[in-house]
Amino acid sequence: MVAAVETMAYAGEVPWHGLGTKVPNDLSTDQMLEASGLDWTVEKVPSMVNLPVSQDKPGGYRPTGSYSLVRSSDNKILSPHVGKDWNPVQNKEAFDFFSEYVEQGDLEMHTAGSLMGGKIVWALAKVKQGFELFKGDEVENYMLFSNPHKFGKSIDIRMTPIRVVCNNTLTLSLSQSSDKMVTMTHRKQFDAEVVKEQLGIAREKLDNYKTMAEFLGKKRYTTEKLVEYLNTIYPSNIKDEDIKDKSVPTTFNAKQAYEVIETQPGSKYAKGTWWQAFNAVTFSTDHLQGQSADGRLTSAWYGRNRRLKLKALDTALKMAELA
């Protein structure tokens with residue numbers, strides 16, 4: 001299997017996925033760009049096709065009308081087909097977005113790197129804002145900036161709270177109509193000022209998440225409802241009438257989350273509540289499922305597990321309301 005993480009650097013403590021090269025925690029955004037191996041650019045190059053010579057037609061290279069995104073460091077083609085109006089955003093532009101906040105002391109650069117051979121570049125910065133629940137359960141907040149060099153993908157900025165005791169992650173929307181925080185299409189020039197205006201609601205959204213967590217921590221589950229919850233998050237293909245023992249989860253992933261409910265890091269906080277049940281799902285997806293750490297990282301931020309954890313939060317809230 002090809003590793004999902006191509007290059008990566010981190011400042012401070014080892015991140016939850018255990019990947020990357022450690023660097024000093026006082027790096028500027030430009031220094032972090034270089035340390036994480038992202039000090040390269042992309043160029044939009046006209047795509048060509050090599051036509052064969054025939055008796056009545058000349059051969060040679062002809063433009064196709066589309067373009068390819070080519071990386072400066074090794075001439076690697078990151079995306080073979082983009083349109084004329086595609087506007088590549090350089091990695092430095094993405095990092096410069098954070099620089100103002102870092103210089104003011106509002107953010108600290110945390111991790112940065114590239115996935116899928118450079119097709120996705122990200123920077124994660126710690127926000128000087130978080131909260132504590134249940135006398136010791138700390139949640140820190142981060143900003144995740146994703147800059148895809150890939151057709152069909154948009155620039156994506158999300159709020160990413162991380163539970164300190166177990167390093168469980170979640171990527172939260174700052175929009176009621178989108179599952180992403182802020183997105184900007186490559187069909188327009190990147191405008192950092194427009195993005196900054198939309199980021200103004202981030203503090204309010206984190207307060208909402210705190211309210212959700214406090215609510216979950218006050219509502220207790222029963223074993224029957226816990227099994228129902230996990231079977232909802234990890235549904236089985238087995239028909240309900242064919243399930244012999246409904247007192248235990250049916251799928252492997254559901255059973256795994258069930259088994260760690262009492263042993264997961266932080267299980268002492270709000271014990272027996274829907275907060276504990278929700279974190280059993282986030283812990284198992286972030287740390288137990290999958291075959292590799294970089295695969296779990298990619299899925300947690302961009303793939304199936306990101307969507308699954310949002311479903312787990314929504315379902316826990318609905319079931320807690322009935323508790």
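Numbering starts at 1 and runs along the sequence shown. Keep in mind that the numbers below use all heavy atoms, side chains included, and drop hydrogens, waters and symmetry copies.
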For His81 and Trp86: C-alpha separation, side-chain torsions, deciding distance, then whether ring-ring contact (aromatic ring centres under 6.0 Å, His included) applies.
CA-CA 10 Å; His81 302 294; Trp86 174 279; over 10 Å; no
For Lys218, look at atom NZ and say whether over 12 heavy atoms of other residues, nucleotides or ligands are found less than 6.0 Å away.
no
When you look at His149 and Asn91, which way does the side chain to side chain donor-acceptor pair (under 3.5 Å) test go after all the steps?
CA-CA 10 Å; His149 301 299; Asn91 297 337; 2.9 Å; yes
Do you reckon Leu310 sits in the same ILVMFWY cluster as Tyr209, going by side-chain contacts under 4.5 Å, direct or chained?
yes
Between Ser114 and Thr7, is the side chain to side chain donor-acceptor pair (under 3.5 Å) condition met? List the steps.
CA-CA 5 Å; Ser114 66; Thr7 61; 3.3 Å; yes
For the ring pair Trp274 and Phe215, is the centre-to-centre distance below 6.0 Å?
no
Go through it in stages, so that I can follow the logic: the residues are Lys92 and Asp39, the test is salt bridge (charged side-chain N to carboxylate O under 4.0 Å, His left out), and I'd like the CA-CA distance, side-chain angles, deciding distance and then a yes or no.
CA-CA 7 Å; Lys92 188 177 184 337; Asp39 51 343; over 6 Å; no
Counting only heavy atoms not in Glu214, do more than 12 sit closer than 6.0 Å to its CD atom?
yes
Between CG of Asp207 and CZ of Phe131, what distance do you get to the nearest 0.5 Å?
8.5 Å
Can you confirm whether Pro88 sits close enough to Leu69 that some side-chain heavy atom of one is under 4.5 Å from a side-chain heavy atom of the other?
yes
Stepwise side chain to side chain donor-acceptor pair (under 3.5 Å) check, Tyr229 with Glu224
CA-CA 9 Å; Tyr229 171 66; Glu224 179 184 2; over 6 Å; no
Would Thr111 and Trp122 count as a side chain to side chain contact (heavy atoms under 4.5 Å, CB included) here? Give the steps.
CA-CA 8 Å; Thr111 59; Trp122 91 90; 3.4 Å; yes
Are Leu226 and Trp275 co-members of a hydrophobic cluster defined by side-chain heavy atoms under 4.5 Å apart?
yes
Determine whether a donor-acceptor pair (N or O, by modelled atom type, separation under 3.5 Å) exists between the side chain of Lys311 and the backbone of Thr232.
yes
What's the separation between atom CG in Asn141 and atom CE in Met143, rounded to the nearest 0.5 Å?
6.0 Å
Is there a side-chain contact between Glu108 and Lys128 (heavy atoms, below 4.5 Å)?
yes
For Thr29 and Ser99, indicate whether the former's side chain and the latter's backbone hold a donor-acceptor pair under 3.5 Å.
no
Test side chain to side chain contact (heavy atoms under 4.5 Å, CB included) applied to Leu288 and Val260, step by step
CA-CA 10 Å; Leu288 302 178; Val260 302; 3.8 Å; yes
Step-by-step side chain to side chain contact (heavy atoms under 4.5 Å, CB included) determination, Tyr302 to Leu115
CA-CA 11 Å; Tyr302 305 107; Leu115 300 171; 3.4 Å; yes
Could you check if a side-chain atom of Met116 sits within less than 4.5 angstrom of a side-chain atom of Thr298, using non-hydrogen atoms only?
yes
Could you check if a side-chain atom of Leu308 sits within less than 4.5 angstrom of a side-chain atom of Val281, using non-hydrogen atoms only?
yes
Tightest non-hydrogen contact, residues Ser47 and Pro80, listed as OG-O, 3.5 Å
Check whether any side-chain heavy atom of Thr273 sits under 4.5 Å from a side-chain heavy atom of Lys219, and report yes or no.
no
Mind running side chain to side chain donor-acceptor pair (under 3.5 Å) on Asn168 and Asp286 for me, showing each step along the way?
CA-CA 6 Å; Asn168 291 357; Asp286 279 349; 5.9 Å; no
Without swapping roles, check the side chain of Glu259 against the backbone of Gln256 for a donor-acceptor pair under 3.5 Å.
no
Could you tell me which non-hydrogen atom of Gly118 sits nearest to which non-hydrogen atom of Val121, and how far apart they are?
O-CG2, 4.2 Å
Nearest 0.5 Å, please: how far is OG1 in Thr64 from CE in Met48?
8.0 Å
To the nearest 0.5 Å, what is the distance between OG (Ser28) and CZ (Phe95)?
10.5 Å
Do NZ/NE/NH1/NH2 and the carboxylate oxygens of Asp74 and Arg71 come within less than 4.0 Å?
yes
Go through it in stages, so that I can follow the logic: the residues are Met8 and Thr21, the test is side chain to side chain contact (heavy atoms under 4.5 Å, CB included), and I'd like the CA-CA distance, side-chain angles, deciding distance and then a yes or no.
CA-CA 6 Å; Met8 180 177 165; Thr21 301; over 6 Å; no
Flag the pair Glu132 and Arg163 as a salt bridge only when some basic side-chain nitrogen lies within less than 4.0 angstrom of an acidic carboxylate oxygen.
no
Answer whether the closest heavy-atom distance between the side chains of Ser72 and Glu43 falls below 4.5 Å.
no
What are the two closest non-hydrogen atoms of Leu206 and Gly130, and how far apart are they?
CD2-CA, 4.2 Å
Does any N or O in the side chain of Ser299 come within less than 3.5 Å of the main-chain N or O of Arg296, such that one atom is a donor and the other an acceptor?
no
With a 4.5 Å limit on heavy-atom distance, are the side chains of Thr160 and Leu170 in contact?
no
If you compare all heavy atoms of Leu78 against all heavy atoms of Gly117, which two are closest, and at what distance to 0.1 Å?
CD2-O, 3.4 Å
Taking atom CD of Glu6 and atom OG of Ser36, what is their separation to the nearest 0.5 Å?
11.0 Å
Can we say Lys225 and Glu228 salt-bridge, meaning some charged N sits less than 4.0 Å from an Asp/Glu carboxylate O?
yes
Do we see a donor-acceptor contact under 3.5 Å between the side chains of Ser66 and Lys84?
no
Which heavy atom of Ser68 sits nearest to which heavy atom of Ile77, and what is that distance?
CB-CG2, 4.1 Å
With a 6.0 Å cut-off on ring centres, are Tyr142 and His110 close enough?
yes
What I'd like to find out is whether the side chain of Tyr221 reaches to under 4.5 Å of the side chain of Gln276, using heavy atoms alone.
yes
Within a reach of under 6.0 Å around NZ of Lys271, are more than 12 heavy atoms found that belong to other residues, nucleotides or ligands?
yes
For Arg158, is there an ion pair with Asp156 - N to carboxylate O distance below 4.0 angstrom?
yes
Closest contact, heavy atoms only, Ser79 versus Phe151
OG-N, 3.1 Å
Distance in Å, Arg306 CZ paired with Thr285 OG1, rounded so as to fall on 0.5 Å steps
12.5 Å
